[in-house]
Amino acid sequence: MSEVADGMRAVQASVDLLRERGVRYAFGVPGESFLGLLDALSTAPGIDLVSTRHEGGAAFMADAAAKLTGQPAICMGTRSVGSANLAIGIHTAYQDSTPMIAMVGQVETPFRHREALQETELSQFLGAITKWAAEVPDGKELPRMTAEAWRVATSGRPGPVALALRGDILDEPVEPREFPISAAPDPQPSAAAIQATLDLLRQAERPLIIAGGGVLRSGAVERLVALAELVHIPVVTAFRRLDAFPTDRPLSLGSLSFGTPQPVRDRALAADVVLAVGTRLSELTTLGYQLPAPGAALIHIDTSPEVLGQTFPARIAIVANVKTAIERMIDRTQSIAWPDRSARNQSDRADFLAAIEASAGGVSDGVDPAVVVREMARWLPVDAVVTADAGNFFGWVQRFGAFRRPGTFLGPTSGAMGYAVPAAVAASIVHEGRVPVVATAGDGGFLMTANELAVAAQRGLPVICVVFDNAQYGTIRLHQAREYPGRIAGTELWTPDLVKFAEAFGGQGIRVDQDADAEDAIRAALAYKGMTVIQAMISRDTIAPGVRLSEVGG
Ligand SMILES: Cc1ncc(C[n+]2csc(CCOP(=O)(O)OP(=O)(O)O)c2C)c(N)n1
């Protein structure tokens with residue numbers, strides 16, 4: 001570290017600023033290009049510096065920590081190589097609207113623009129997957145640009161930003177300077193827009209509410225429950241926002257995605273008025289850009305004007321704090337007589353539950369994933385956090401999982417495999433190991449990032465992993481069966497003995513070969529002080545809820 005005669009080091013000012021704004025976690029793989037940053041973070045009170053085993057894991061962890069705390073986390077990697085590895089998690093933060101600050105090391109100033117070791121134009125490279133990416137020109141600019149990075153990450157539709165830091169600028173002296181936080185705009189819905197919304201909802205024949213991540217972010221889940229119950233409108237959650245509406249409420253119709261049960265798809269597509277709250281109405285939430293169906297009216301509420309009308313034109317578009325908008329609706333609803341839709345709502349809920357029930361069982365051999373997820377729902381405490389990877393196994397998590405409180409589910413709307421384990425490790429770090437955290441993954445996705453269990457082992461975190469081992473990249477195998485019947489190309493997998501794997505990490509491994517073993521496995525995992533990996537042996541034929549591979553051309 002170079003000595004600084006007066007003032008403070010630029011990187012120290014940058015870290016202090018982030019700490020004062022609420023940043024608590026920095027995840028990364030160290031590099032020689034940002035030693036000054038590591039040094040400043042390691043001594044910053046209140047910041048947990050977490051060394052991961054791959055930068056992809058670091059970025060996924062930063063995404064998960066931010067979703068749980070509401071504050072951006074830092075992820076770090078060195079130059080082009082570390083940045084390339086970070087990319088999957090940065091992209092996920094973008095699609096998931098998660099605030100994130102990527103701080104990546106860059107080649108030192110005298111060596112720049114000579115294709116030095118691991119040199120690339122990081123601001124261009126990361127520019128396509130961030131809200132803003134910039135290379136800091138010198139130490140003096142670092143505090144100001146850090147303040148700007150935080151503002152961009154947390155404002156409007158939150159998302160990732162990246163700062164490329166040449167190692168030699170970090171220790172430059174800077175004058176202490178204040179960077180006041182710009183007051184965040186707090187858009188209020190107009191009384192007229194709220195009234196128009198309620199009028200449309202009241203007159204609707206088959207209205208539907210879609211609850212997105214903005215409901216979670218603004219802390220409005222409980223208020224949304226109150227609104228839905230006042231106006232008698234069923235709620236579906238957006239793709240991978242399973243905890244945006246409690247699954248046990250009578251108005252819950254589950255979640256939208258490729259795994260949505262047919263009666264819920266039909267009900268959603270039959271909606272004549274759709275109230276979309278805090279969601280960007282992504283491809284999977286809209287069932288492939290089909291929902292709202294042609295002719296249906298969309299009322300779209302979000303804090304960010306950029307998402308309103310982005311995928312569907314809105315009849316009513318409201319830029320507002322999501323929680324405030326819901327509260328205004330509740331206030332005005334009290335004086336309005338609402339049509340009694342309870343009979344219809346009860347039958348929608350009954351159809352939904354019957355379809356879920358029908359998709360359990362019927363497996364040719366091996367374990368029924370529905371049984372495993374049901375045992376999880378039965379034994380996990382209400383505040384347990386479940387994380388999910390991408391893969392067909394998720395269809396069972398979505399259908400049979402119980403999510404009764406906000407902050408109990410973490411999944412990537414980017415559909416990135418490899419998310420579940422690092423997200424679970426991050427959740428366990430945030431909860432200091434006090435709350436059970438369960439990563440759910442297929443055998444493919446699990447081994448993409450299972451190395452991050454070393455972080456859990458190093459910190460003694462009791463992370464639980466439930467791996468649905470069907471010896472294949474099942475999702476892609478199903479696509480193959482449908483599009484290239486009878487042909488298998490690159491989708492078969494060999495997976496190691498995960499009992500021994502868990503033991504090698506100092507944890508316990510449990511193999512589940514039959515449905516009857518699932519309950520004991522979950523209970524043993526919850527009772528154990530350390531980490532557990534449950535390897536549930538699923539038949540290759542059990543390809544998706546209610547679907548057998550042999551019946552679809554496989
Ligand atoms: C990083 C990444 N690579 C590839 C894919 C494409 N993909 C989606 S699902 C899937 C297979 C997942 O297999 P597995 O984890 O075993 O779960 P399963 O579908 O068998 O339940 C693949 C390869 C992806 N979504 N993410």
Side-chain angles (χ1 to χ4, degrees), residues 54-61 63 84-96 129 239-240 257-259 282-284 359 363-364 366-373 376 386-401 411-424 438-452 465-484 488-496 498 501 512 533-550 552 554:
H54 186 284
E55 292 85 350
F60 281 147
M61 288 187 204
D63 175 90
N85 278 354
L86 284 171
I88 188 170
I90 296 176
H91 168 68
T92 294
Y94 197 107
Q95 294 232 302
D96 279 38
I129 54 170
F239 178 54
R240 293 221 162 105
S257 79
F258 42 79
S282 68
E283 176 187 340
L284 287 156
S359 67
V363 302
S364 39
V367 175
D368 180 358
V371 172
V372 179
V373 181
M376 284 171 52
V386 173
T387 71
D389 226 82
N392 269 8
F393 78 88
F394 175 70
W396 284 280
V397 176
Q398 175 181 313
R399 288 176 183 222
F400 298 97
T413 69
S414 66
M417 289 168 73
Y419 182 84
V421 172
V438 184
T440 60
D443 44 336
F446 177 70
L447 274 193
M448 272 197 181
T449 49
N451 54 347
E452 300 301 353
C465 300
V466 176
V467 183
F468 298 88
D469 182 357
N470 59 4
Q472 60 192 346
Y473 286 124
T475 311
I476 311 306
R477 182 74 191 86
L478 179 57
H479 284 291
Q480 268 172 356
R482 289 187 168 137
E483 292 173 42
Y484 293 83
I488 302 172
T491 48
E492 294 191 323
L493 288 179
W494 173 90
T495 294
L498 297 183
F501 184 91
V512 172
V533 178
I534 296 173
Q535 184 173 18
M537 307 311 292
I538 314 294
S539 157
R540 279 193 176 151
D541 197 36
T542 307
I543 197 75
V547 183
R548 287 170 62 163
L549 189 58
S550 50
V552 288

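Atoms within each ligand, like the ligands themselves, are counted from 1 in listed order.
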Contact check, [X] vs ligand 1, heavy-atom distance below 4.0 Å:
X: Gly418; result: no
X: Leu478; result: no
X: Asp443; result: yes

[X] vs [Y] side-chain heavy atoms within contact, under 4.5 Å:
X: Val363; Y: Asp541; answer: no
X: Leu549; Y: Ser539; answer: no
X: Arg540; Y: Arg477; answer: no
X: Gln472; Y: Ile488; answer: no

### Query
Between Met448 and ligand 1, is there a nitrogen or oxygen pair with a distance under 3.5 Å?
no
### Query
Short N/O distance, under 3.5 Å, between Met417 and ligand 1?
yes
In terms of atom number and element, which parts of ligand 1 are under 4.0 angstrom from non-hydrogen atoms of [X]?
X: Asn470; answer: 20 (O)
X: Gly391; answer: 17 (O), 19 (O), 21 (O)
X: Ile88; answer: 1 (C)
X: Gly415; answer: 24 (C), 25 (N), 26 (N)
X: Asn392; answer: 18 (P), 19 (O), 21 (O)
X: Phe393; answer: 21 (O)
X: Gln472; answer: 16 (O), 20 (O)

### Task
Identify, with sequence neighbours excluded, every residue that meets ring-ring contact (aromatic ring centres under 6.0 Å, His included) alongside Phe501.
Phe446, Phe505
List the closest protein heavy-atom neighbour of [atom]: residue, atom name, distance to the nearest 0.1 Å.
atom: atom 20 (O) of ligand 1; answer: Gly474 N, 2.7 Å
atom: atom 17 (O) of ligand 1; answer: Gly442 CA, 3.6 Å
atom: atom 15 (O) of ligand 1; answer: Gly445 N, 2.8 Å

### Message
Strictly by salt bridge (charged side-chain N to carboxylate O under 4.0 Å, His left out), give each pair with a member in residues 467-476 just once, sequence neighbours left out.
### Response
none
### Query
Going from OG on Ser414 to CD1 on Ile90, what distance comes out if it is rounded to the nearest 0.5 angstrom?
12.5 Å
### Task
Can you spot which of Val467, Leu498, Val438, Val466 makes a side-chain contact (heavy atoms from CB on, under 4.5 Å) with Ile534?
Val466
### Query
Which residue, Asp389, Val421, Val386, forms the side-chain contact (heavy atoms from CB on, under 4.5 Å) with Thr440?
Val386
### Task
Compare Gly395, Gly444, Gly56 and give the one whose heavy atom is closest to atom 14 (P) of ligand 1.
Gly444
### Task
Using heavy-atom distances, let me know which of Ile476, Thr475, Thr449 sits nearest atom 6 (C) of ligand 1.
Ile476
### Query
When the ring planes of Phe394 and Phe258 are compared, do they come out parallel, tilted or perpendicular, using 30° and 60° as the limits?
perpendicular
### Query
Is it the side chain, the backbone, both or neither of Asp389 that has a heavy atom closer than 4.0 Å to ligand 1?
neither
### Query
Between the side chains of Asp63 and Thr92, does any donor sit under 3.5 Å from an acceptor?
no
